[in-house]
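Let me begin by presenting the structure, written as structure tokens, before commenting on it.
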Amino acid sequence: MAELQRPTLCCCRKVLTVPGNKSCEGGRGLARCRPVDVASASNFHSFKLRHFHLDLHLNFAVKRMTGWQVLELTPVQPGVQSLILDTHPSLLIHSVDCKVPGASGAPDVFLSLTYRIEPFTDYGSSLNISLPAAVIRPHRAFRVTIRYTTTDGPAIWWLDAELTCGQTRPLVFTQGHSVCNRSFFPCFDTPAVKSTYSATVRVPEGVTVLMSASRSAYSKQDRVFQFSMEYPVPAYLVALVAGDLQHADIGPRSRVWAEPCILTCAVSKLGGSVERWLNVAEGLFGPYVWGRYDIVFLPPSFPIVAMENPCLTFIISSILESQEFLLIDVIHEIAHGWFGNAVTNATWEEMWLSEGLATYAQRRITTEAYGDSFTCLETVFRLDALHRQMRLLGDNNPVSKLQAKFEPGLEFERWLNGCGPPLCEPDLSAGRALTGPVQHLCDLWGVDAPDPQVISTFDLSSWSTFQTVLFLDRLLDRSPLPQEVMSLLSSCYSALLDGMNAEVQIRWLQIVVRNSFYPDLPRVRSFLHKHTSRMYTVPLYEDLCGGVMKCFAVEVFYQTQARLHPNLRRTLQQILFQSSALNTSTAPSLLATPPSAPSSPTDPPANGTIALRDVNVSA
């Protein structure tokens, strides 16, 4: 199916499947910690990484970070002759030095080390540093300093002012999950290696820097931010954001950060809820060990919904339109404080441990805070989305395995490695008071147009967001619908849905597109002009290009491309122009000369294994 060659957002909205696509956005892929995808895998067991420090200068004018990294290491095996770290072609190494404490009061030894960069894979390189055998001894600590410059690697997202919420000042953020932070700093890029870290970040005047750290300080005179993370974390959980950011306290250990234009809205949406959710979680799972739980709202260019960086959750600002999705996503990231951050899967093959247990914990929290019915409603919605995704992927697609397997190995129980949907589903009857009316209304909208008087007894304006999106998703599953049904649906709901949040609107507009309902096409144009988030634009462009509206999609793309992040722009270009040419025989010509189409992506491997970049994961 053509749809399987393009990034598809899965039911949890955090996994982007890209079967067969060798050019997924930014190279973000699912990684396991073996030699095939972590260059340092054969080497990190030889050392104990005790701590590392970053000293960086941020230059927004040329979109570049320059500085150095100091790694405090202890060899744990004899005969170690090299230190191998994961890095990236976008990261330029200037020099590598070594400091070894002198024995028995002797002075420290400083050495300039030789190193080489070796090709590794299309998402990273190997930094191989030669170590002097005379001074590198087991259990004797030493320091390595790496001076480097990094630009626009897959972990670092430089946003021009036009791509931010306020559109007045530029912003930069990092997204390390899962194997991207090797382009931020040389590292053991595996969840199996944890250490504490500290950072010094120098910025221009008017720029605020935040990091996923437990302590921070700022020198206004020097425009220097200092950070310290006192709890060991893996490399992928080190995160930075810098820009025009302001804050407001929303609890004794929580603070909201955002651009000034959205700060008030963010505070009003969260209120005192975060402390309530933290207290419920602590009652279920024990003390919250990270100290702070702050949240920073990022512009719509943020590639995923949210990321559980310790002490500082990153979340997309467009989620503020959807109160219930905001609630669920923040609670899910809180749950990662216990499952994923405190206790971490050792390899990316076992990512289901992090995401599965965090989802379990999230639903325990929502049940305590909002009752069984609410949790069951959200679960029904997610299960519907899961089955919808399975229909697209096929029951035998290896992406559906609980344990993502990247090459043949030992076989385990079917529940762990079997393809297809879950073997069993939970009893969600406790949510019938909320899901029942949804199913009743869906049944009324059968093949034939229902009685308008009966339909009018259902007041969607009084429904929760999850009820409304569940109703629209189930209508979407029935598409294509007869045109008389679409006309009645539009007359009943279009105006009402226009005033609802983006999560609701996107689903109605997908119904409009999949049913080629031209009277509501201006709403699609208006939505795509307003929303520049990947999770909203990609599904609509996929549907537009999957039908007879590709020319319309191309027209809207050229009208809005200046406001799209370059990574998203490339993704949409792949969607729009991967076919041989626009079908001008079935739609009016909107372009004098359509762009040429790039070569189509390769097919998925026939042996059922998954290549690293075939699954795009962001948690």
Determine whether the aromatic ring centres of residues [Y] and [X] are separated by less than 6.0 angstrom.
{"X": "F552", "Y": "Y518", "value": "no"}
{"X": "F314", "Y": "F297", "value": "no"}
{"X": "H440", "Y": "F458", "value": "yes"}
{"X": "F184", "Y": "Y236", "value": "no"}
{"X": "W158", "Y": "F60", "value": "yes"}

[X] to [Y] - nearest heavy-atom pair and separation:
{"X": "C180", "Y": "D189", "answer": "N-OD2, 3.9 Å"}
{"X": "A306", "Y": "E333", "answer": "CB-OE2, 3.5 Å"}
{"X": "L488", "Y": "P452", "answer": "CD1-CG, 4.4 Å"}
{"X": "D477", "Y": "R388", "answer": "OD1-NE, 2.6 Å"}
{"X": "Q505", "Y": "M500", "answer": "NE2-O, 2.6 Å"}
{"X": "M535", "Y": "S318", "answer": "CE-OG, 3.9 Å"}

Kindly say whether [Y] contributes a backbone atom to a donor-acceptor pair with the side chain of [X] at under 3.5 angstrom?
{"X": "K269", "Y": "L326", "result": "no"}
{"X": "R514", "Y": "S479", "result": "no"}
{"X": "Q467", "Y": "P437", "result": "no"}
{"X": "T366", "Y": "T375", "result": "no"}
{"X": "E259", "Y": "D244", "result": "no"}
{"X": "R391", "Y": "L386", "result": "no"}
{"X": "S183", "Y": "A155", "result": "yes"}
{"X": "R507", "Y": "E503", "result": "yes"}
{"X": "T468", "Y": "S464", "result": "yes"}
{"X": "T164", "Y": "Q167", "result": "yes"}

message: Could you walk me through whether L572 and V538 satisfy the side chain to side chain contact (heavy atoms under 4.5 Å, CB included) test, starting with their C-alpha distance in whole Å, then the side-chain angles of each, then the deciding distance to 0.1 Å, before giving a yes or no?
response: CA-CA 7 Å; L572 297 182; V538 168; 4.2 Å; yes
In terms of side-chain heavy atoms, does [X] have a donor or acceptor partner in [Y] at a distance below 3.5 Å?
{"X": "D395", "Y": "S400", "answer": "no"}
{"X": "T150", "Y": "R64", "answer": "no"}
{"X": "E308", "Y": "H177", "answer": "no"}
{"X": "H336", "Y": "Q362", "answer": "no"}
{"X": "W352", "Y": "E350", "answer": "yes"}
{"X": "Q439", "Y": "D443", "answer": "yes"}
{"X": "S90", "Y": "T151", "answer": "no"}

Straight-line distance of [X] [atom1] to [Y] [atom2], nearest 0.5 Å:
{"X": "I316", "Y": "R534", "atom1": "CD1", "atom2": "CZ", "answer": "11.0 Å"}
{"X": "L509", "Y": "L497", "atom1": "CG", "atom2": "CG", "answer": "8.5 Å"}
{"X": "C545", "Y": "I575", "atom1": "SG", "atom2": "CD1", "answer": "7.0 Å"}
{"X": "S491", "Y": "I455", "atom1": "OG", "atom2": "CD1", "answer": "10.5 Å"}
{"X": "M307", "Y": "L298", "atom1": "CE", "atom2": "CG", "answer": "12.0 Å"}
{"X": "R569", "Y": "T571", "atom1": "CZ", "atom2": "OG1", "answer": "11.0 Å"}

- prompt: Can you say whether the rings of F381 and F466 are parallel (under 30°), tilted (30 to 60°) or perpendicular (over 60°)?
  reply: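 Aromatic pair F381/F466 classed tilted.
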message: In terms of relative ring orientation, are F120 and Y123 parallel, tilted or perpendicular, with 30° and 60° separating the classes?
response: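 Rings of F120 and Y123: perpendicular, as their planes differ by over 60°.
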task: I would like to know whether M65 and L240 meet side chain to side chain contact (heavy atoms under 4.5 Å, CB included); could you show each step before the answer?
output: CA-CA 12 Å; M65 296 185 189; L240 175 150; 4.1 Å; yes
- prompt: Given K63 and D160, is the salt bridge (Lys or Arg N to Asp or Glu O under 4.0 Å) satisfied, shown in steps?
  reply: CA-CA 9 Å; K63 299 180 179 177; D160 294 328; 3.0 Å; yes
Evaluation steps, side chain to side chain contact (heavy atoms under 4.5 Å, CB included), between T465 and V504: CA-CA 7 Å; T465 294; V504 172; 4.3 Å; yes
query: Can I328 and R382 be said to form a side chain to side chain contact (heavy atoms under 4.5 Å, CB included), step by step?
result: CA-CA 12 Å; I328 289 294; R382 302 295 191 192; 3.5 Å; yes
For the residue pair [X] and [Y], establish whether any side-chain heavy-atom pair is separated by less than 4.5 Å.
{"X": "P566", "Y": "L163", "answer": "yes"}
{"X": "F173", "Y": "P303", "answer": "yes"}
{"X": "E542", "Y": "Q510", "answer": "no"}
{"X": "I511", "Y": "M486", "answer": "yes"}
{"X": "S526", "Y": "H529", "answer": "no"}
{"X": "F517", "Y": "S487", "answer": "yes"}
{"X": "L383", "Y": "P426", "answer": "yes"}
{"X": "I319", "Y": "V330", "answer": "no"}

For E324, all residues meeting salt bridge (Lys or Arg N to Asp or Glu O under 4.0 Å), sequence neighbours excluded: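 Per chain and number, E324 pairs via salt bridge (Lys or Arg N to Asp or Glu O under 4.0 Å) with no residue.
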message: By the salt bridge (charged side-chain N to carboxylate O under 4.0 Å, His left out) test, which pairs, at least two apart or in different chains, include something from residues 516-525?
response: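 As it turns out, the salt bridge (charged side-chain N to carboxylate O under 4.0 Å, His left out) pairs with a partner in residues 516-525, which skip direct neighbours, are D498-R523, D520-R523, R525-E555.
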